[in-house]
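Written out below as structure tokens is the structure these notes cover.
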Amino acid sequence: MSDEPANESTEPLQTPSSGLQQSTTVSTPRHAEVDENGANVKTNSTDTNSTNSTTTNTDTGTKDVVKRLESGNRIVSLIKKAEQKRVSKRKIISFLKKKGVHEHKIIEAYSVFYKDEGFYEITFNQRPLGFSVIMDTRGKNAIVSSVQDESNEKLGMKVASRVYEINGKRVDDLKHKEILK
């Protein structure tokens with residue numbers, strides 16, 4: 001947890017005024033700080049522009065890339081590096097899908113990433129969301145200050161968790177008012 005005390009003004013978390021989206025996903029870390037050591041995102045790719053390549057070679061090359069990505073924890077490593085660079089979850093998923101990685105493998109990798117980082121994810125399908133957030137002393141972030149809906153607690157929500165992501169967009173370290181929009 002951050003050593004900074006939280007500001008005591010309590011505001012409910014809101015989504016854009018255009019109406020509630022079908023599903024609002026909020027990921028919050030059990031610890032407040034995210035390691036940001038600036039690692040580069042590197043991926044293996046095949047040269048599909050080679051004059052000697054054929055459709056079969058391109059398909060084989062793509063399968064090789066997918067096999068390499070899906071082996072071990074390579075997808076998780078890529079996710080960690082991209083998250084350190086603050087690449088949005090939507091972009092990461094889109095990139096991996098374009099590389100041919102199956103969606104269930106991406107979901108598994110994100111589950112491992114969240115567990116490794118001490119995060120938990122809750123999807124909301126209706127309002128009210130059943131918790132309140134406050135800002136930190138710098139006027140940034142959204143920190144869970146109270147949980148009104150018991151079902152959120154059963155899903156793992158804890159007071160003092162920092163909201164990390166909403167609808168696939170990183171919101172940690174943003175101004176509190178920006179997060180509440």
Side-chain angles (χ1 to χ4, degrees), residues 1-39 73 75-94 96 103-181:
M1 283 289 166
S2 176
D3 292 331
E4 301 171 5
N7 185 317
E8 292 302 317
S9 67
T10 303
E11 299 179 45
L13 184 65
Q14 299 175 5
T15 54
S17 58
S18 61
L20 178 67
Q21 296 180 358
Q22 280 292 29
S23 175
T24 303
T25 303
V26 179
S27 304
T28 57
R30 289 191 176 119
H31 55 82
E33 298 303 317
V34 176
D35 181 80
E36 297 204 19
N37 57 15
N73 283 334
I75 298 173
V76 176
S77 296
L78 183 106
I79 290 170
K80 284 181 182 181
K81 289 176 184 178
E83 288 284 342
Q84 289 170 348
K85 291 286 191 176
R86 298 191 63 86
V87 176
S88 75
K89 183 177 179 179
R90 285 185 219 138
K91 286 183 181 179
I92 298 167
I93 291 171
S94 175
L96 290 168
E103 189 169 358
H104 73 277
K105 290 287 189 178
I106 298 169
I107 292 168
E108 284 176 21
Y110 263 101
S111 293
V112 170
F113 169 72
Y114 286 160
K115 184 179 177 189
D116 289 351
E117 296 296 317
F119 292 6
Y120 54 94
E121 182 174 47
I122 300 174
T123 301
F124 300 93
N125 294 316
Q126 61 185 15
R127 287 181 166 241
L129 302 180
F131 68 100
S132 298
V133 296
I134 56 175
M135 67 181 91
D136 63 20
T137 57
R138 301 174 299 150
K140 294 185 175 185
N141 296 305
I143 301 167
V144 176
S145 60
S146 66
V147 180
Q148 294 86 27
D149 188 344
E150 283 182 24
S151 64
N152 287 341
E153 289 177 340
K154 291 176 184 173
L155 293 170
M157 183 177 284
K158 305 216 184 303
V159 171
S161 295
R162 185 187 320 185
V163 176
Y164 177 79
E165 179 181 284
I166 299 173
N167 291 333
K169 180 184 175 211
R170 291 272 302 266
V171 296
D172 61 315
D173 243 10
L174 291 181
K175 290 183 181 179
H176 187 70
K177 288 184 179 182
E178 289 289 317
I179 298 169
L180 295 180
K181 285 184 181 179

Contact between [X] and [Y] at the side-chain level, heavy atoms closer than 4.5 Å - yes or no?
{"X": "Val87", "Y": "Lys81", "value": "no"}
{"X": "Ile93", "Y": "Tyr110", "value": "yes"}
{"X": "Leu180", "Y": "Val133", "value": "yes"}
{"X": "His104", "Y": "Glu108", "value": "yes"}

Nearest 0.5 Å, what's the [atom1]-[atom2] distance between [X] and [Y]?
{"X": "Lys80", "Y": "Asp116", "atom1": "NZ", "atom2": "CG", "answer": "4.0 Å"}
{"X": "Glu83", "Y": "Lys89", "atom1": "CD", "atom2": "NZ", "answer": "8.5 Å"}
{"X": "Asp172", "Y": "Ile166", "atom1": "CG", "atom2": "CD1", "answer": "10.5 Å"}
{"X": "Ser146", "Y": "Asn152", "atom1": "OG", "atom2": "CG", "answer": "10.5 Å"}
{"X": "Asp173", "Y": "Ile179", "atom1": "CG", "atom2": "CD1", "answer": "8.5 Å"}
{"X": "Lys175", "Y": "Lys140", "atom1": "NZ", "atom2": "NZ", "answer": "8.0 Å"}

All salt bridge (charged side-chain N to carboxylate O under 4.0 Å, His left out) counterparts of Glu103, not counting sequence neighbours = Lys97
query = Should the ring pair Phe119 and Phe113 be called parallel, tilted or perpendicular, given that the plane angle runs from 0 to 90° and is split at 30 and 60?
reply = perpendicular
Please find the pair of heavy atoms, one from [X] and one from [Y], that lie closest to each other, and give the distance.
{"X": "Ser88", "Y": "Gly168", "result": "CB-O, 3.8 Å"}
{"X": "Gln148", "Y": "Ser132", "result": "NE2-OG, 3.1 Å"}
{"X": "Asn141", "Y": "Arg162", "result": "OD1-CD, 3.4 Å"}
{"X": "Ala109", "Y": "Val76", "result": "O-CG2, 3.6 Å"}
{"X": "Leu129", "Y": "Gln126", "result": "CD2-O, 3.8 Å"}
{"X": "Tyr120", "Y": "Ser161", "result": "OH-OG, 2.7 Å"}

query = Do we see a donor-acceptor contact under 3.5 Å between the side chains of Glu121 and Thr123?
reply =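 Side-chain D/A pair, Glu121 to Thr123: absent.
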task = Verify, without hydrogens or angle tests, whether Ser94 (side chain) and Arg90 (backbone) share a donor-acceptor contact under 3.5 angstrom.
result = no
